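Data block below; observations after.
Given the structure is predicted, the values throughout are model-derived calculations rather than measurements. Each ligand, and each atom within it, is numbered from 1 in the order the structure gives.
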Amino acid sequence: TMQVHTVVLNSRPGTDGVPVPENFRLEEKTLTTDLKDGEVLVRTLYLSVDPYMRCRMNEETGADYLKPWQLSECLDGGGVGVVESSRCTSCPEGCVVTSFNWPWQTHAVMKGGALQKVDPQLVDGHLSYFLGAVGITGLTALLGVREKGHVTKGANQTMVVSGAAGACGSIAGQIGRLDGCVRVVGICGSDDKCRALVEDLGFSAAINYRQDDVCARLKECCPDGIDVYFDNVGGHISETVIAQMNKGSHVILCGQISQYNKDVPYPPPLSVETQNALQRNCITRERFLVLSYMHKAEAALCELSQWVKSGQIKVLETVVNGIENMGVAFCSMMKGGNVGKQIIKISD
Ligand code: NDP
């Protein structure tokens, strides 16, 4: 046996509430480490916190592919770790593995068959990238742009990205540029983030929605209108963007984080004015769910890996140390405390 730390759900914020670190609780428990056939003992290296987890804090998630987290039970999400001992031939000792349902625990006994083995060379040893740029967030950005963006080389398109300095947004904007948009404009919540977008990631311009007049700045930065909008946030930011979109343009409906602490269905309803603008200008706005495209994941991860290794895509991360900080890191991410992907480092 060994002593491990685990994070459980302490309380629910309520469908209309802002999550707080006190919704999470750290516990110590004894893990029995003798393995049954097919099982592995893993040591957790990195864990991910993601906006969709806000739905899992409610009694009902509102999505059939998401199960609610249960009170006082170990939480789970994206994770990466290393196999320390194994009774599973496909996952021998020493291999690096990931899962969407990794327990928030320092060590765990898991079924080898439920884990994906990954090659550290794909990320030049930056194993946390398997949770971000070369993982589900990179896939969301790449497949979102490809499946719903209609980006065409030589077509002089302008792309706008909201939540642009976050995990998905920061990659989506760079992919827009690589795929041929002539202008990529990011919207985010601080001047430091704006600076990072333009100076480090190659965005054409950035708008701080907390300080700037978003409508006026969009007009300045997008003189030919907007052809593609990668929407991570919804709410009034998105209504302002959609009002400036061209005829026959496309919204990539990735997420609506500005509405996640509200008791509304997904996707949340739009104002009548915005609905009319979409119709009048023949703007597509189809729901995008990365999980529906997992048959394209392998090829897409190769492409992402090559871009990251060659430096054509720059990766930003905000790393917090220690499993005791899972709740703090989640709540911080939900309020914009992260630049790039929010990662929690659990062990070396
Ligand atoms: P991020 O790294 O982007 O973190 C969330 C960011 O949202 C914060 O950093 C904050 O940045 C911003 N934010 C928070 N509240 C607001 C608000 N009220 N208005 C505007 N911005 C806000 O998270 P992810 O990249 O993981 O996720 C981004 C979006 O993508 C989410 O909506 C998520 O649900 C969605 N998603 C969708 C998937 C799919 O399959 N469709 C898969 C994965 C993610 P700031 O400082 O700019 O406010």
Side-chain angles (χ1 to χ4, degrees), residues 18-19 47-56 61-63 65-66 77-78 100 128 131-133 135-149 160-175 186-197 203 206-212 214 229-241 251-262 264 266-268 285-294 296-297 300 315-320 329-344:
V18 176
L47 291 172
S48 174
V49 286
D50 300 84
Y52 75 85
M53 291 171 174
R54 178 64 189 81
C55 312
R56 299 193 70 189
T61 64
Y65 57 89
L66 287 178
F100 298 138
S128 57
L131 302 177
I136 202 73
T137 41
L139 287 175
T140 303
L142 180 63
L143 296 172
V145 170
R146 295 277 168 83
E147 297 294 329
K148 304 292 184 189
V160 170
V161 182
S162 59
C168 287
S170 61
I171 307 288
Q174 295 181 79
I175 290 172
I187 306 176
C188 62
S190 79
D191 287 342
D192 281 345
K193 291 183 180 186
C194 285
R195 211 168 302 126
L197 291 181
F203 281 61
I207 301 172
N208 175 350
Y209 71 84
R210 291 184 202 276
Q211 303 249 300
D212 302 343
V214 176
Y229 174 39
F230 195 104
D231 187 7
N232 284 311
V233 308
H236 61 84
I237 294 173
S238 293
E239 308 230 1
T240 307
V241 175
V251 178
I252 302 161
L253 180 48
C254 178
Q256 305 273 282
I257 195 170
S258 73
Q259 310 297 305
Y260 290 177
N261 293 329
K262 295 181 186 168
V264 293
Y266 188 87
R285 183 173 174 273
E286 292 169 6
R287 201 168 158 180
F288 170 73
L289 188 61
V290 69
L291 296 179
S292 308
Y293 298 91
M294 291 318 274
K296 300 193 174 176
V315 180
L316 302 177
E317 287 186 329
T318 300
V319 183
V320 161
F330 172 76
C331 297
S332 165
M333 179 277 298
M334 290 299 290
K335 289 188 293 195
N338 58 312
V339 187
K341 176 77 189 123
Q342 179 71 59
I343 293 287
I344 301 83

Check: Which heavy atom of I171 sits nearest a heavy atom of G138, and at what distance?
Finding: CG2-CA, 4.4 Å
Next item on the list: May I ask you to identify the nearest protein heavy atom to atom 9 (O) of ligand 1, giving residue, atom name and distance to one decimal place in Å?
Entry: N338 OD1, 2.6 Å
Next item on the list: Would you mind checking which non-hydrogen protein atom is closest to atom 30 (O) of ligand 1, with the distance to 0.1 Å?
Entry: N232 OD1, 3.2 Å
Next item on the list: Test V160 against every option in D231, I237, T240, V241 by the side chain to side chain contact (heavy atoms under 4.5 Å, CB included) rule and name the one that passes.
Entry: V241
Check: Counting only heavy atoms, which portion of R210 has something under 4.0 Å from ligand 1: side chain, backbone, both, or neither?
Finding: side chain
Notebook entry, point to check: Which one of A164, G144, G166 has a non-hydrogen atom at the shortest distance from atom 3 (O) of ligand 1?
Noted result: G166
Item checked: Residue and atom name of the nearest protein heavy atom (relative to atom 38 (C) of ligand 1), distance in Å to one decimal -> T140 CG2, 3.6 Å
Check: Is a salt bridge present between K148 and E286, judged by a nitrogen-to-oxygen distance below 4.0 Å?
Finding: yes
Next item on the list: Tell me, please: is R287 in heavy-atom contact with ligand 1, that is, under 4.0 Å?
Entry: no
Next item on the list: Using only heavy-atom distances, determine whether the side chains of S190 and D192 contain a donor-acceptor pair under 3.5 Å.
Entry: no
Next item on the list: Pick one of side chain, backbone, both or neither for how I257 approaches ligand 1, counting any non-hydrogen atom pair under 4.0 Å.
Entry: both
Notebook entry, point to check: Purely on distance, is any nitrogen or oxygen of I237 under 3.5 Å from one on ligand 1?
Noted result: no
Notebook entry, point to check: Is it the side chain (CB and beyond), the backbone, both or neither of M334 that lies under 4.0 Å from ligand 1, heavy atoms counted?
Noted result: backbone
Notebook entry, point to check: Under 3.5 Å, is there a donor-acceptor pair between the side chain of R210 and the main chain of G189?
Noted result: yes
Next item on the list: Compare every heavy atom of L143 with every heavy atom of A300, then report the nearest pair and how far apart it is.
Entry: CB-CD2, 4.2 Å
Check: Counting heavy atoms only, which of Y260, Y209, F288, F230 is nearest atom 34 (O) of ligand 1?
Finding: Y260
Item checked: Distance from atom 44 (C) of ligand 1 to nearest protein heavy atom, with residue and atom -> C168 SG, 3.9 Å
Item checked: Identity and distance of the protein heavy atom lying nearest atom 40 (O) of ligand 1 -> V290 N, 2.8 Å
Note to self: Less than 4.0 Å is my threshold; does some heavy atom of C254 fall inside it relative to ligand 1?
What the structure shows: yes
Check: Side chain of K193, backbone of N338: donor and acceptor closer than 3.5 Å?
Finding: yes
Next item on the list: Identify the heavy atoms of S332 and Q342 that sit nearest to each other, and give their distance.
Entry: OG-OE1, 4.5 Å
Next item on the list: Flag C188 as yes when one of its N or O atoms lies below 3.5 Å from any N or O atom of ligand 1, and as no otherwise.
Entry: no
Note to self: In this structure, does ligand 1 have an atom that sits under 4.0 Å from one of the heavy atoms of K193?
What the structure shows: yes
Notebook entry, point to check: Just which atoms of ligand 1 are under 4.0 Å from any heavy atom in G255?
Noted result: 32 (O), 35 (C)
Check: Can you tell me how far OG of S170 sits from CZ of F203, rounded to the nearest 0.5 angstrom?
Finding: 7.0 Å
Margin query: As a test of understanding, state which of V145, T140, L253 forms a side chain to side chain contact (heavy atoms under 4.5 Å, CB included) with F288.
Written below: T140
Next item on the list: Could you check atom 27 (O) of ligand 1 against the protein and tell me its nearest heavy-atom contact, residue, atom and distance included?
Entry: P51 CG, 3.5 Å
Notebook entry, point to check: Are K341 and S128 linked by a side-chain donor-acceptor pair shorter than 3.5 Å?
Noted result: no
Margin query: Please list the nearest protein heavy atom to atom 47 (O) of ligand 1 with its residue and the distance rounded to 0.1 Å.
Written below: G189 N, 2.9 Å
Margin query: Between T318 and V339 (side chain of the first, backbone of the second, donor and acceptor by atom type, cut-off under 3.5 Å), is there such a pair?
Written below: yes
Notebook entry, point to check: Does G340 have a heavy atom less than 4.0 Å from any atom of ligand 1?
Noted result: yes
Check: Looking at Q256, which atoms of ligand 1 are within less than 4.0 Å of one of its heavy atoms?
Finding: 32 (O)
Next item on the list: May I ask you to identify the nearest protein heavy atom to atom 6 (C) of ligand 1, giving residue, atom name and distance to one decimal place in Å?
Entry: M333 O, 4.1 Å
Checklist line | Polar contact flag for S258 and ligand 1 (N/O pairs, less than 3.5 Å) | finding: no
Checklist line | L289 backbone acceptor or donor facing Y293 side chain under 3.5 Å | finding: no
Next item on the list: Give the atoms of ligand 1, by number and element, whose distance to some non-hydrogen atom of A167 is under 4.0 Å.
Entry: 1 (P), 2 (O), 3 (O), 25 (O)
Check: Does any N or O in the side chain of S162 come within less than 3.5 Å of the main-chain N or O of I187, such that one atom is a donor and the other an acceptor?
Finding: no
Note to self: Check this for me - ligand 1, V233, N or O atoms closer than 3.5 angstrom, yes or no?
What the structure shows: no
